[in-house]
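Basis for what follows: all heavy atoms, side chains included, without hydrogens, waters or symmetry-related copies.
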Amino acid sequence: DSQVHHRFGSDSTGCRTAIVGPSPMALSQRSLRAMKPISSYFPIAAAALERPWTKSDPQGNIVMVIAENRLMSERFLSRWKACGPPSTPSLSYSDFRGTTALRSALAQYMSEHVTKRHAIEVEHLALGNGVGSVLDTLFHVLCDDGEACLLPAPLYPTFMNDLQSRANVHVQVVPTEMDSGFFPTIEALEAACERAALSGHPPKVLLLANPTNPLGTVWPGEDIRRAISWATAKGLHVISDEIYAASVFDSAAPVFESAWDLSADGLSGEQARNVHVVYGLAKDFGASGFRTGLVATRHEGILKAWSNLGYMTTIPGAVQEGLAEMLSDGPWVRKFLTDNRAMLRASFEGLAAALDAENIPRYGGGAGMFAWLDLRKGLPPNPTFADERRLFERMHGPAPQTDGGGILLTPGEDCFASEPGFFRACWAATPPEAHAEAARRIARAVASGS
């Protein structure tokens with residue numbers, strides 16, 4: 001009882017209440033991070049999707065915050081249904097780094113469609129149930145509590161959850177400028193590295209995303225090469241998220257070059273060991289529900305740790321078996337990716353034309369499934385991020401409204417934009433037929449605030 005009394009008092013009803021220290025029934029401090037929504041807009045998006053825009057309900061919500069590609073869903077499912085039924089071995093445990101069959105198929109796929117110059121071998125790969133899961137495991141292996149990851153902004157908002165909710169990594173945002181294609185300069189990286197160290201968070205990793213999210217652009221290989229050389233010379237690991245590698249559809253965009261190739265071309269073997277590529281089937285194949293991600297690494301320690309930790313994030317055996325069959329069908333894969341890029345191009349061009357018709361400025365959009373919209377004219381003079389949030393709220397209010405409503409975009413603040421008024425539009429999860437109405441709703445909301 002003496003131990004209980006110092007933890008509990010009584011309220012007016014006589015019930016004990018915690019007054020000093022944690023209750024024996026309390027959850028961990030780690031759980032408090034997990035109780036936060038994945039993003040500020042996720043609960044709003046979930047509610048909006050209860051009434052989505054359709055041809056039969058054109059007053060429904062147009063939700064453009066979900067980074068999914070639904071343009072080729074039927075084609076993917078048609079091939080999946082042609083796979084043989086699951087075999088008896090798929091019911092059993094397998095290598096926690098992924099089955100040899102799927103890793104072999106992915107190694108072949110990556111070497112042809114992502115890395116291209118330097119082959120990825122089966123032994124370089126470890127798999128997990130989605131790229132978010134792969135990043136969580138990878139940062140668990142690379143970083144101790146509170147160590148820092150340098151992350152250029154504007155950034156993919158859910159990176160914050162991937163890095164912080166369990167691995168408890170300190171994210172040191174690296175500001176960038178439009179004049180440099182939003183790629184971090186070496187000076188900006190140096191400054192961020194110093195800020196992290198001075199705040200008690202030793203820098204450990206540089207995380208790059210190419211092609212980019214939220215911009216929908218491709219960074220030039222030479223810029224990436226310089227950043228990798230700088231980071232590895234400082235003893236940092238580099239993670240390159242290349243999940244949109246096969247979704248570059250604009251012929252005017254820079255040629256995509258994988259960090260796997262760039263590190264092999266210009267670094268020593270020891271430095272190249274610290275460069276890791278992550279990829280998955282969620283975007284280029286529109287299969288986020290299949291929860292299939294990978295890390296390609298030359299670092300034996302990471303692969304050894306994955307043989308243990310992969311137990312917690314293994315892809316189901318039947319899924320691995322079917323995907324191994326699909327990805328081994330080279331002609332089908334090539335045709336699928338070619339047609340997917342054509343579908344992405346057509347969908348984006350429709351959206352771009354609609355935005356132009358409404359005089360809505362945009363940036364990027366030649367890769368992935370994003371457009372970075374400049375809606376600053378919908379904000380008051382000397383705007384704040386609170387003003388940006390009010391514009392966000394005007395846009396996602398009930399549709400239809402004369403001042404907007406029924407359109408949901410990712411606020412720039414969530415992407416760590418340097419100033420208020422920019423929004424990310426994810427357009428490949430939205431029916432292309434809705435893009436003209438989306439632009440009209442955005443324009444109405446902007447006009448009502450100007």
Below 4.5 Å, heavy atoms only, C-beta onward: do [X] and [Y] meet side chain to side chain?
X      : Y      : answer
Tyr279 : Leu281 : yes
Phe385 : Asp414 : no
His170 : Gln172 : yes

If you measure from [atom1] on [X] to [atom2] on [Y], what distance do you get to the nearest 0.5 Å?
X      : Y      : atom1 : atom2 : answer
Asp136 : Gln164 : CG    : CD    : 12.0 Å
Arg362 : Leu375 : CZ    : CG    : 13.0 Å
Ile302 : His237 : CD1   : NE2   : 6.0 Å

Counting N and O atoms only, with roles assigned by atom type, does the side chain of Lys283 sit under 3.5 Å from a partner on the main chain of Ala67, one being a donor and the other an acceptor?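 Flag set: sc Lys283 to bb Ala67 pair under 3.5 Å.
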Any donor-acceptor pair under 3.5 Å from Ser180 side chain to Glu177 backbone: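 Here the side-chain-to-backbone pair exists.
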Can you check whether [X] and [Y] have ring centres sitting under 6.0 Å from each other?
X      : Y      : result
Trp260 : His124 : yes
Trp80  : Phe290 : yes
Phe256 : Tyr244 : no

Assign the ring pair Trp219 / Phe183 to parallel, tilted or perpendicular, where the plane angle (0 to 90°) is split at 30° and 60°.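 If you compare the ring of Trp219 with that of Phe183, the planes turn out perpendicular.
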Check the angle between the aromatic planes of Phe285 and Phe336 and answer parallel, tilted or perpendicular using the 30° and 60° thresholds.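 Phe285 vs Phe336 ring planes: parallel.
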Just checking, any donor-acceptor pair under 3.5 angstrom between side chains of Ser133 and Arg291?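 No, Arg291 and Ser133 have no side-chain donor paired with an acceptor closer than 3.5 Å.
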Can [X] and [Y] be counted as an ion pair, charged N to O under 4.0 angstrom?
X      : Y      : value
Asp329 : Arg79  : yes
Arg389 : Glu413 : no
Glu358 : Arg444 : no
Arg117 : Asp265 : yes

Can you pull out every side-chain hydrogen bond (donor to acceptor under 3.5 Å, both in side chains) where at least one residue sits in residues 416-430? Sequence neighbours excluded, please.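 Sorted pair list: Tyr41-Arg424, Asn213-Arg424, Arg376-Glu419, Thr410-Arg424.
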